[in-house]
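Just so it is clear, the model here is predicted, and its values are computed rather than measured. Reckoned from all heavy atoms, side chains included, excluding hydrogens, waters and symmetry mates. Note that ligands are numbered from 1 as they come in the structure, with each ligand's atoms numbered from 1 the same way.
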Amino acid sequence: MTRIAVLGSTHMDLVAHAARAPGSGETVTGREFRTIPGGKGANQAVAAARAGGEVTMIGAVGDDLYGALLRDGLDHAGVDTDLLHTAEGPSGTAHIVVDDTGANSIVVIPGANGVVTALGPGEIAAVAAADLLLMQLELPLSAVVEGARAARAQGVRTILTPSPARPLPDELLDHIDLLVPNEHEAAELSGQAEPHAAAQILLRQVPEVIVTLGAKGCLYAARGGEPVLFEAPAVKAVDTTGAGDTFVGTLAVALGEGRPVAESVAWASAAAALCVQKPGASTSMPYRSEIEAV
Ligand code: RIB
């Protein structure tokens with residue numbers, strides 16, 4: 001079984017469904033509201049656990065009702081939450097509008113995620129015991145850098161989802177094995193709007209890059225090799241929230257099982273395609289049997 005440590009965020013997603021997202025200064029009437037456990041870290045953890053990984057979540061929830069619900073959700077998914085700390089104050093929340101095309105816009109309030117500024121001995125040991133470490137950018141950067149450094153020191157493979165996009169220090173990128181931005185994040189990090197060009201720039205800093213392209217699939221590029229464009233299964237999306245996290249969590253399990261890149265990407269793309277056909281993030285992530293069936 002692939003052992004995966006996730007160092008990342010946990011949010012309660014407060015999701016409004018409306019025909020379209022409001023513009024600045026505008027009010028629109030939506031049709032439905034849901035609270036759904038999310039956060040890029042927790043989403044990747046749930047996706048990896050459902051895909052068959054043995055997953056440990058490192059992060060924090062608040063001491064409010066959302067915190068208890070978020071922990072329960074992860075426990076229920078089979079994720080080890082011993083290193084998911086309960087901090088004083090509110091849990092992180094994500095305020096999401098999903099429009100009729102399935103696209104979303106998100107405002108994140110970090111809450112308890114903001115207290116995760118450093119790793120203790122227990123967290124370092126969990127990273128060292130893993131086959132892969134998954135990280136995103138919804139925790140303070142100091143913790144992400146420390147996690148990446150600890151993983152590299154122990155020969156643990158690191159995957160970074162650079163979201164939300166922000167300038168990244170060399171001390172982080174130097175310890176990343178695989179970077180998985182979406183096309184907007186790739187453009188922001190590289191200064192190149194075209195994904196092939198962006199990937200070539202990013203390869204100067206990390207050995208492997210996968211630029212996810214939504215319904216168009218993804219672009220895989222590795223140093224010294226030809227880039228490969230993988231198509232995604234054609235499906236009708238109702239909510240794309242968490243699709244990128246599903247892709248990464250599933251990809252990590254497949255890579256950890258020793259599957260070749262093409263097969264791992266096929267698994268991850270199938271999982272993401274299943275995810276977008278249902279509403280919500282953690283609620284829409286497929287189980288291994290469903291991925292295998294695709
Ligand atoms: O990637 C999707 C996630 O981003 C949501 O679940 C939300 O919590 C935000 O962190």
Side-chain angles (χ1 to χ4, degrees), residues 6-17 21 33-50 55 57-62 64 66-67 69-74 77 79 84 90-99 102-114 116 134-141 143-144 159-166 179-186 188 210-214 218 237-252 268 271-286:
V6 180
L7 172 60
S9 56
T10 308
H11 300 143
M12 186 57 83
D13 289 354
L14 310 174
V15 189
H17 289 260
F33 171 75
R34 297 181 194 208
T35 51
I36 301 173
K40 295 184 197 305
N43 291 343
Q44 292 186 4
V46 171
R50 290 195 181 161
V55 185
M57 178 76 200
I58 304 170
V61 293
D64 53 1
Y66 286 162
L69 292 171
L70 293 169
R71 181 181 298 282
D72 279 358
L74 286 165
V79 174
L84 182 68
S91 297
T93 50
H95 304 256
I96 304 178
V97 178
V98 179
D99 69 22
N104 61 51
S105 44
I106 306 180
V107 174
V108 163
I109 309 292
N113 297 290
V116 187
L134 308 188
M135 296 165 291
Q136 321 76 35
L137 297 175
E138 290 183 331
L139 294 184
L141 197 57
V144 181
I159 302 181
L160 175 68
T161 304
S163 180
R166 52 177 293 176
L179 190 69
V180 189
N182 65 25
E183 54 193 313
H184 308 293
E185 292 149 3
E188 205 166 323
I210 296 178
V211 182
T212 58
L213 305 168
C218 68
V238 299
D239 182 356
T240 57
T241 312
D245 302 325
T246 304
F247 182 94
V248 170
T250 309
L251 180 80
L274 289 165
C275 167
V276 302
Q277 295 176 71
K278 291 184 189 165
S282 60
T283 41
S284 62
M285 288 162 182

Give the atoms of ligand 1, by number and element, whose distance to some non-hydrogen atom of G38 is under 4.0 Å.
-> 6 (O), 8 (O)
Check each atom of ligand 1 against the heavy atoms of A94 and keep those under 4.0 Å away; list them by number with element.
-> 7 (C), 8 (O)
For the pair T241 (side chain) and A281 (backbone), establish whether a donor and an acceptor sit closer than 3.5 Å, ignoring hydrogens and angles.
-> no
Compare every heavy atom of V98 with every heavy atom of D239, then report the nearest pair and how far apart it is.
-> OD1-CG2, 3.6 Å
Can you tell me how far the CG atom of L84 sits from the CG atom of L70, to the nearest 0.5 Å?
-> 8.0 Å
Starting from [atom], locate the nearest protein heavy atom and write down its residue, its atom name and how far away it is, to 0.1 Å.
atom                   : result
atom 9 (C) of ligand 1 : E138 OE2, 3.6 Å
atom 3 (C) of ligand 1 : N43 ND2, 3.6 Å
atom 6 (O) of ligand 1 : D13 OD2, 2.6 Å
atom 2 (C) of ligand 1 : D245 OD2, 3.3 Å

So do the side chains of E138 and P110 get within less than 4.5 Å of each other, counting heavy atoms only?
-> no
Hey, are the side chains of S91 and T10 touching, using non-hydrogen atoms and a 4.5 Å cut-off?
-> no
Best match, K40, H95, Q136: closest heavy atom to atom 4 (O) of ligand 1 | K40
Ligand 1 contact by G244, heavy-atom criterion under 4.0 angstrom | no
Go through R34 and D13 one step at a time and tell me if the side chain to side chain contact (heavy atoms under 4.5 Å, CB included) criterion holds.
-> CA-CA 8 Å; R34 297 181 194 208; D13 289 354; over 6 Å; no
Taking it one step at a time, do S9 and K40 satisfy side chain to side chain contact (heavy atoms under 4.5 Å, CB included)?
-> CA-CA 6 Å; S9 56; K40 295 184 197 305; 4.1 Å; yes
Can you find an N or O of T241 that's nearer than 3.5 Å to an N or O of ligand 1?
-> no
